[in-house]
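For clarity, every value in this text was computed on a predicted model and none was experimentally measured. The residues of the chain are indexed from 1 along the displayed sequence.
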Amino acid sequence: MAQLGIMIEAQEGLTWDRWERLIDAAERLGYACLRRSDHLGTTVGGAGREGLALWPTLTVAATRSRRIRFGQMVSPITWRNPVLMARNAVALDRLSGGRMELGVGAGWNEREHHAYGIPFPPLKQRMDMLEEALQVIRLLASGEPASFDGRYYPLHDAVVRPTPTNAGGLPIVIGGSGEKRTLPLAAHYADEWNTNGVSHEQLRAKNDLLDRLCDDIDRDPRTIRRSLMIGHLVGRDHGELVERARRMQQVIPSLADLSPDEAIAALRGRRWLVGSPDEVIEQIAGWQQAGVELVMLQTLDQTDIDALELIAAEVMPRVGA
């Protein structure tokens, strides 16, 4: 069985009205969680799109909802100091009664860093920074004075209080697919490992590797939830699918010059969930067999609440735990 969540690319036009409607829909329709990206500018193209800053939106998610879990997927360590991340996340954890999930990663978008004047170190350094950051976040979650001889984030009797609601600390989501650094970090620190853009075979292999890495450190691999971020284009019939494809062409400039049917084929080629509810259920089943426990529906058309209602009504009952 797999749970379904909603993931919003906030840099692609998120407004307060859209965000509040999405929170209400996720809460009302039974989705497990609502997450948003942490980017400063568009990643799919187009200029002048609105977008809301991270922490204010998560604060609204904490206060406007009562059931869903929420967080970012994921914050690049290149522009989020782990001490400040930990303080903000613990505050939201307390505000929401323990529903905040802290997503962290190494960062990947060099163009975005350059556009906003943020240093973009080589991959090895970013991974070293991420490893230190995860250690710092875990240390600070204890509420006790913490010292850490880090190259990037040293601590000297640092204290963060209050402590997280859960005695186990802040739930941490680690995003990425790298087998040399990301998966070992997930084995040590993650409560959830998230990936995207992989095939079923690749995901099975990475899941098996994560299991072995957990065994090596005497950790139960079942304590790490496996999640997949994936786009979706769902319609009751071909006509509805074509209409949603037309809308998606306005969101993703690279699809603009295609016919709707060509756009549908292109999204299938990107391994999106595409088709009727029955087809999407079959596609999700394939991901479940590959080890996915949580499907994060990457929702690029932020105004299409009807699509989320369709999935909740006709897909969720047949795949959800």
Side-chain angles (χ1 to χ4, degrees), residues 7-16 18-19 35-58 71-89 102-137 150-154 172-183 185-186 193-198 229-231 248-257 266-267 270-272 296 298-302:
M7 189 275 176
I8 301 300
E9 296 288 356
Q11 72 279 358
E12 309 300 341
L14 190 64
T15 63
W16 282 117
R18 290 181 178 185
W19 184 238
R35 296 180 186 158
R36 54 149 293 168
S37 59
D38 189 10
H39 287 287
L40 299 177
T42 179
T43 58
V44 299
R49 288 182 171 171
E50 295 190 42
L52 298 175
L54 177 71
W55 298 117
T57 57
L58 296 184
Q72 70 270 55
M73 205 167 75
V74 294
S75 283
I77 198 57
T78 44
W79 63 63
R80 298 284 179 195
N81 180 283
V83 175
L84 301 181
M85 263 205 292
R87 286 186 62 83
N88 279 292
L102 177 60
V104 290
W108 60 271
N109 193 317
E110 184 175 5
R111 181 199 59 80
E112 182 179 24
H113 285 72
H114 176 73
Y116 293 95
I118 298 171
F120 188 71
L123 178 58
K124 181 184 183 305
Q125 182 177 336
R126 299 199 313 274
M127 295 305 302
D128 290 344
M129 292 166 66
L130 176 59
E131 184 169 8
E132 280 198 15
L134 291 165
Q135 294 176 71
V136 164
I137 291 167
R151 176 179 178 185
Y152 303 102
Y153 311 112
I172 291 179
V173 180
I174 293 180
S177 298
E179 297 183 0
K180 292 183 178 180
R181 296 293 301 274
T182 301
L183 288 177
L185 290 179
W193 168 61
N194 177 267
T195 190
N196 71 298
V198 296
M229 183 180 75
I230 189 168
M248 198 62 66
Q249 288 177 282
Q250 298 174 26
V251 179
I252 305 176
S254 62
L255 300 177
D257 294 333
L267 295 177
R270 297 183 188 184
R271 298 194 182 98
W272 279 34
M296 294 300 305
Q298 185 185 31
T299 302
L300 286 168
D301 187 347
Q302 300 165 7

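In terms of modelled atom types and a separation under 3.5 Å, the side chain of Glu132 and the main chain of Arg151 share a donor-acceptor contact. Between the side chain of Arg126 and the main chain of Pro121, a donor-acceptor pair closer than 3.5 Å is present. At least one donor-acceptor pair under 3.5 Å links the side chain of Glu112 to the backbone N or O of Gly41. Using a distance-only test at 3.5 Å, with no hydrogens or angles considered, no donor-acceptor pair links the side chain of Arg181 to the main chain of Leu130. In this structure, Gln302 contributes its side chain and Glu9 its backbone to a donor-acceptor pair below 3.5 Å. Trp55 places no side-chain N or O within 3.5 Å of a backbone atom of Asn88 that could act as its donor or acceptor partner.
Contact check for Met73 versus Asn196: no side-chain heavy atoms found under the 4.5 Å cut-off. The closest side-chain heavy-atom distance from Thr299 to Met7 is not below 4.5 Å. Using a 4.5 Å heavy-atom cutoff, the side chains of Leu58 and Arg36 are in contact. Between Val136 and Val83 there is a side-chain heavy-atom pair separated by less than 4.5 Å. Put simply, the side chain of Phe120 does not reach to within 4.5 Å of the side chain of Pro76, judged on heavy atoms. Side-chain atoms of Ser254 and Val44, non-hydrogen and from C-beta on, never get closer than 4.5 Å to each other. No side-chain heavy atom of Thr195 sits less than 4.5 Å from a side-chain heavy atom of Thr182.
Nearest heavy atoms, Ala106 versus Met127: CB-SD, 3.6 Å. Taking each heavy atom of Ala133 and Ile77 in turn, the nearest pair found is CB-CD1, 3.3 Å. In terms of heavy atoms, Gln72 sits closest to Leu102 at NE2-CD1, 3.4 Å. Val74 and Gly103 make their closest contact through CB-C, 3.5 Å (heavy atoms, listed as atom of the first residue, atom of the second, distance). Minimum heavy-atom separation, Thr57 to Trp19: O-NE1, 2.9 Å. The shortest non-hydrogen separation linking Met85 to Ser75 is SD-CB, 3.8 Å.
Note: Asp301 CG to Arg18 CZ = 7.5 Å, rounded to the nearest 0.5 Å. With rounding to the nearest 0.5 Å, the separation of CE in Met296 from CD1 in Ile8 is 8.5 Å. The NZ atom of Lys124 sits 12.5 Å away from atom NZ of Lys180, with the distance rounded to the nearest 0.5 Å. Atom CE of Met129 sits about 6.5 Å away from atom OG1 of Thr78, to the nearest 0.5 Å. Separation of atoms OH (Tyr153) and CD1 (Ile137) is listed at 9.0 Å; rounding is to 0.5 Å. A distance of 4.5 Å separates CH2 in Trp272 from CG in Leu300, rounded to the nearest 0.5 Å.
A salt bridge links Arg80 with Asp38; the closest basic N to acidic carboxylate O contact falls under 4.0 Å.
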Trace of the side-chain contact (heavy atoms from CB on, under 4.5 Å) decision for Thr43 with Glu12: CA-CA 8 Å; Thr43 58; Glu12 309 300 341; 3.4 Å; yes
Derivation and outcome, side chain to side chain donor-acceptor pair (under 3.5 Å), residues Thr42 and Gln11: CA-CA 5 Å; Thr42 179; Gln11 72 279 358; over 6 Å; no
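For Ile118, the side-chain contact (heavy atoms from CB on, under 4.5 Å) partners two or more places apart in sequence, or in a different chain, are Leu40, Trp79, His113, Tyr116. Residues forming a side-chain contact (heavy atoms from CB on, under 4.5 Å) with Gln135 (at least two apart in sequence, or on another chain): Glu131, Phe148, Tyr189.
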